[in-house]
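Okay, so here's the structure we're looking at.
Start at 1 with the first residue, then count along the sequence.
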Amino acid sequence: MRKGHASVIPLAYLRWINARMLAALIILITICSISRGQSIQRNATVSTDGSGQFTTIQAAINAAPNMSVTKYYIWIRAGCYMENVLVGEKKHNIMLIGDGMEKTVRL
């Protein structure tokens, strides 16, 4: 592959990916592209100390609009979040962004 050119993966190789894996992959790609210097407008902020709109990731996801056609960015500040997070079928285009792998932990 030449430098600066993306590779294309044939769909036949992706048949084993289910919807949840695909959603996780899209989130990962979005986080990587944002970390390259793109600025984003945060729709919600989660922090354990209460300085954001929400103290749990689940509460921020629940507050996101259903069937959204635009991206809904949830910024997760550094901290340890001990919760199971469920994204409902009607929650579309939710992007979770954190302060970094070493700073934001979901247990």
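- Remark: I76 CD1 to T56 OG1 distance equals 10.0 Å, nearest 0.5 Å.
- Taken from OH in Y81 to OG1 in T55, the straight-line distance is 9.0 Å, to the nearest 0.5 Å.
- In terms of heavy atoms, G52 sits closest to S47 at N-OG, 2.9 Å.
- Here the closest heavy-atom approach between residue A64 and residue I94 is recorded as CB-CD1, 3.9 Å.
- The backbone N or O of Q58 lies less than 3.5 Å from a partner atom in the side chain of E83, making a donor-acceptor pair.
- Residues Q53 and A44 approach most closely at OE1-C, 3.6 Å, considering heavy atoms.
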side-chain contact (heavy atoms from CB on, under 4.5 Å) for N93 and Y72? Distances and angles first, verdict last. CA-CA 6 Å; N93 287 316; Y72 187 85; 5.8 Å; no
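- Of the residues K91, H92, K90, the one that meets the side-chain hydrogen bond (donor to acceptor under 3.5 Å, both in side chains) test with N66 is K91.
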Decide yes or no on side-chain contact (heavy atoms from CB on, under 4.5 Å) for I74 and M95, but give the supporting numbers first. CA-CA 6 Å; I74 300 174; M95 301 293 150; over 6 Å; no
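- Contact detail for S68 and T70: the closest heavy-atom pair is OG-O, 2.7 Å.
- Across every non-hydrogen atom of Q41 and Y73, the tightest pair is O-CD1, 3.5 Å.
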